[in-house]
Number of protein chains: 8
Amino acid sequence: MPVRKHRVAVLMGSDSDYPIMKAAEDTLEQFEIETDVRVISAHRTPERLTRFLAEAEEAGVAAIICGAGWAAHLAGVTAAHTTIPVLGVPIESSPLNGMDALLATVQMPGGIPVGTLSIGKGGAKNAALLVVAFIARFDPDLAKKLVEFREAQSAKVPERPSL
Amino acid sequence: MPVRKHRVAVLMGSDSDYPIMKAAEDTLEQFEIETDVRVISAHRTPERLTRFLAEAEEAGVAAIICGAGWAAHLAGVTAAHTTIPVLGVPIESSPLNGMDALLATVQMPGGIPVGTLSIGKGGAKNAALLVVAFIARFDPDLAKKLVEFREAQSAKVPERPSL
Amino acid sequence: MPVRKHRVAVLMGSDSDYPIMKAAEDTLEQFEIETDVRVISAHRTPERLTRFLAEAEEAGVAAIICGAGWAAHLAGVTAAHTTIPVLGVPIESSPLNGMDALLATVQMPGGIPVGTLSIGKGGAKNAALLVVAFIARFDPDLAKKLVEFREAQSAKVPERPSL
Amino acid sequence: MPVRKHRVAVLMGSDSDYPIMKAAEDTLEQFEIETDVRVISAHRTPERLTRFLAEAEEAGVAAIICGAGWAAHLAGVTAAHTTIPVLGVPIESSPLNGMDALLATVQMPGGIPVGTLSIGKGGAKNAALLVVAFIARFDPDLAKKLVEFREAQSAKVPERPSL
Amino acid sequence: MPVRKHRVAVLMGSDSDYPIMKAAEDTLEQFEIETDVRVISAHRTPERLTRFLAEAEEAGVAAIICGAGWAAHLAGVTAAHTTIPVLGVPIESSPLNGMDALLATVQMPGGIPVGTLSIGKGGAKNAALLVVAFIARFDPDLAKKLVEFREAQSAKVPERPSL
Amino acid sequence: MPVRKHRVAVLMGSDSDYPIMKAAEDTLEQFEIETDVRVISAHRTPERLTRFLAEAEEAGVAAIICGAGWAAHLAGVTAAHTTIPVLGVPIESSPLNGMDALLATVQMPGGIPVGTLSIGKGGAKNAALLVVAFIARFDPDLAKKLVEFREAQSAKVPERPSL
Amino acid sequence: MPVRKHRVAVLMGSDSDYPIMKAAEDTLEQFEIETDVRVISAHRTPERLTRFLAEAEEAGVAAIICGAGWAAHLAGVTAAHTTIPVLGVPIESSPLNGMDALLATVQMPGGIPVGTLSIGKGGAKNAALLVVAFIARFDPDLAKKLVEFREAQSAKVPERPSL
Amino acid sequence: MPVRKHRVAVLMGSDSDYPIMKAAEDTLEQFEIETDVRVISAHRTPERLTRFLAEAEEAGVAAIICGAGWAAHLAGVTAAHTTIPVLGVPIESSPLNGMDALLATVQMPGGIPVGTLSIGKGGAKNAALLVVAFIARFDPDLAKKLVEFREAQSAKVPERPSL
């Protein structure tokens, strides 16, 4: 099946990561991109990942966003099993403030890429925006929406601070 | 001008980053993606960045890969000025082993995404592969090449180690 | 226009940084130095920075103090665009306790300096005091005030602690 | 097939990890434990891991030792797919001195354990010794050998240092 | 006395570590493994450790799990005095978020192994699961229970997240 | 004596720091600013610091640049004893890659500012450039030289990289 | 004046450090060692330190305990000005959890020693105990008290944990 | 036997630590303090430590200096078994640059003190100097030598640097 550029998967390693990863889902929906949101633990449900990836190839998702905490393997393992582009969001759920999740996500050895965003909710939002930016290169309507989003975002920054 | 999915820019903050960033250039060329390789320092040549970005929009590059060391601002500043997707490669040129470049590249606040790869040459190669993966979603020929690349890469891993 | 040694700009990357950066504003005002306080995001409002810097050159500000969190690029990017001296204040707004903002601010490569102060409110106050110290070298009245400030500060430290 | 307590698998993520992981192989052989040494990259050859684990269950290996560098996922992914006990050895092959490999190996979330040893060659040796210690609880001959090994090791520490 | 594979010791450096280490005790009991839970400070009660280890050898415990915070020496010192396998659980009771306990537990030099689990409660649970995995290699009933535990654990992960 | 804006002191904690700190001296001389270069250890020669500061006040130096490694106290202690502005350069002479010197220099509590530059030679050069930038606000000739320096610096960055 | 082995000074950089440093005072008093407790900021009241040290030499204090946070220079600067033995207690008052205070206290270059204890209240208590241990080598009564203290401390550790 | 203030023990965890720890031995000998230098591994030769401590109490050593790398337990374990004051020297023999040895040595929980010096040779020298400083409080001749040592040390710092 051909790639559906308006469909993106959002995976998370644990149900408890959803308050963070919802920022990716919400941002994608803001751009009218359909989302497929799943809980898939690289460690507790590894076979679910394989099953999902077969579906994802079939469904033609444009990209996969993976959020996980601790020794965050989800993005790397997903990237190992597919050529669909994978973005990773480190989540600060361990005592080490997300530094463990950041290094376990970003330090992929050469050959299997994971594009990593910042730790937490801002990173989840940015993962969605980066996918939008990539798709927008091939979708003038989406490109226009992205420019508008960025302009609105700039406009929301006040000139002078207030307490 | 429409996006040319077979054209990608590779920027680096300093001439001395080229031995690392060449891995991105070489990988892109392996996939027959045209590269535009430049030295643009976010700090020493900021106006050159603005000028380049106007050209890049005009030339329709599909993505921009930025490599930098120290307080690596190149990827973030590039992302701030364009909606072309930006990937960042932290380079270990300071005494802190690239940890400064990693944090300065990956920890972008919500709203302006930079997809960050691992520190150094492997990260540069992976930035190229991630761009290829995104473009390949919209280019069946490139998708085929990427699958072949990955298969060849797997095949090169020996079953048994040798000293 | 000539430099007005009693005018200093205080920039911050986000409205939410103001509770920290107000310490710089308050300290400058304590020395009767006029402040120009702005929210300018290096990432979300990059063109606002260019516009501001033109005004700042015109207005002859003596120095620019920049506070930012996460991958804090504001001080470095400001310094890249001007020869007005720039001081940076890392703000702890990310999960990494400000270590990301510190490294992204202080680790500027040779050629474009940012004088970096400590993380948070104390750093914002110190940025103001360092600007005062520099100006005071050329303003005997201010020098006198600074000595008095320092003496008062010493006097406030109790000889014996209390719970 | 029943577990063969004198057979242990030693996996490594890359051929280049062998100079480190050979210390595990050599130590196991010193205790006359048969080794099955393989290069299996969690990222570049994920299907090889699944295939190996089927064989390992079949062959009844007593434990699996996994060494990897960078975002070291090998031990965690192995542990996710089997109930055979897994030990992990972080390898310092990235610019971050093995801190990335350590956190990516040890910080497994609750439910899927990886017993992690120290970074590098000493860790590889210790992984072997820990497996020996577990097996020795059920093998009096091996227990005797382990006690002798430890006594010999103590005896080799000189009372007085020399340059 | 022969090893009793259904008996495991759980030590902790301080009474205040019990809320964390209870996860090891509870998990072992879930597998009907008898536990011997003690407070033994490597620093404040060193002779208690020696006394305990004589008892443990006598009682034939299958393994010893040690949890400690700060400069966590308990696991290493225990391992130095016995050939019973030792697992270590770093506890985040100091200002450094458990990084001190992690490094003090995991970075054992070659010759005396400590299998280290993740920081905190998840690590305590995993220490129990790793002991179970090792014993299960020699106990088909326990092996069956472990497989069931893992299946139940997988089943508990919801397919879709909820807030 | 009035401040001599063309005179700046460069201190270093150890003779062995000179290869790094010479970059500050050389840069200042490039701007025809007279330098007073000294070895003053905050720890081994504390009284020398007091003596120097009396001279420096007398000589009217415009600023003091302090470079030190390890627990780098030189900049902070200098700042404690004078109202002359102090800049600090962390030097990587300890096993911790300069992270100790960075934190010991930059993390000054509120009240006594030290403007900190990046670790090493680039930081030493930048300390000089920041002093120049401050003085240049009150010296149009120096301001002109600084602009020329920056333009020349930009011009030296090649457009295309070479190996 | 001869050394009074039952007199020890306890300094702290800020009044707000007293809740931590009181543990040193209390512990010393428990051993009937007279304390001289002062607030002396290395940065805000440097001349107070010099004045105090003259008094301390005069009063014959046996040792000086210094607690400070941030870029904690108090212990190092004290050690630089006296040959009275100095112990340092890093205090976690900055966003970096005391890591800055630890490195700024412990990483003294060769020649001027500071014996550093752990971060926070436990470190303050231990500083007192280490001073007691040193004095006790020359005071059999104190030695007896120290042994009793240690025995009581051991006895207070419960054999079994409780929630 | 009474304490012999001119006798100090120097322990190290491994023969390979001697090039570092020799700096403690040499410094003590410079003050005509007799040294008892031993290799005692907390992990590989734990019983040797107990035996040594009995001798040390008997011999009346004034203090014990312990140097170790990796998860450096030697100082803490020594302190746990004696009331003789213990100083610790972290040694950078692992890939983590001595940060592991530093935290494992310094972060002792309240009750059992270890005075920790800086990482490496300077720390070894400083451990000796700190012991000298403590003993010198009760030995006017040694006090005089220490003052002379410090004066000579200051005198050796050149006023002006040279390459």
**Student:** Between Gly111(B), Ala133(B), Gly122(B), Gly115(B), which has the largest tally of heavy atom pairs under 4.5 Å with chain A?
**Tutor:** Gly111(B)
**Student:** Other residues, nucleotides and ligands only: do more than 12 of their heavy atoms fall within 6.0 Å of NZ on Lys121(B)?
**Tutor:**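 Not buried by this count: 12 neighbours or fewer within 6.0 Å.
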**Student:** For His81(A) versus Arg150(B), what's the shortest heavy-atom pair and its separation?
**Tutor:** N-NH2, 4.2 Å
**Student:** Within the 4.5 Å heavy-atom criterion, are Gln153(B) and Ile112(A) side-chain neighbours or not?
**Tutor:** yes
**Student:** For Pro85(B), does its backbone N or O pair with a side-chain atom of Arg137(A) as donor and acceptor, under 3.5 Å?
**Tutor:** no
**Student:** Does any non-hydrogen side-chain atom of Ile84(B) lie less than 4.5 Å from one of Phe134(A)?
**Tutor:**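 Result no, sub-4.5 Å side-chain heavy-atom pair not found.
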**Student:** Less than 4.5 Å apart, side chain to side chain, heavy atoms only: is that true for Val86(B) and Leu130(A)?
**Tutor:**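 A side-chain contact under 4.5 Å is absent here.
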**Student:** Between Ala79(A) and chain B, which part of the residue has a heavy atom less than 4.5 Å away: side chain, backbone, both or neither?
**Tutor:** backbone
**Student:** Are the side chain of Ser118(A) and the backbone N or O of Met108(B) linked by a donor-acceptor pair below 3.5 Å?
**Tutor:**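 Flag set: sc Ser118(A) to bb Met108(B) pair under 3.5 Å.
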**Student:** Between Asn126(A) (side chain) and Pro109(B) (backbone), is there a donor-acceptor pair under 3.5 Å?
**Tutor:**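 Pair found, side chain donor or acceptor close to backbone of Pro109(B).
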**Student:** Could you tell me which portion of Thr82(B) (side chain, backbone, both or neither) has an atom closer than 4.5 angstrom to a non-hydrogen atom of chain A?
**Tutor:** backbone
**Student:** Could you tell me whether Glu148(A) atom CD has more than 12 heavy atoms of other residues or ligands within 6.0 Å of it?
**Tutor:** yes
**Student:** Within the 4.5 Å heavy-atom criterion, are Thr116(B) and Leu117(A) side-chain neighbours or not?
**Tutor:**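 No, every pair of side-chain atoms sits at 4.5 Å or beyond.
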**Student:** Output the distance between atom CZ (Phe149(A)) and atom OG1 (Thr83(B)), rounded to the nearest 0.5 Å.
**Tutor:**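 Phe149(A) atom CZ to Thr83(B) atom OG1 measures 12.0 Å (nearest 0.5 Å).
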**Student:** Is there side-chain contact between Val106(A) and Ile119(B), with heavy atoms separated by less than 4.5 Å?
**Tutor:**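 Side-chain contact under 4.5 Å: no.
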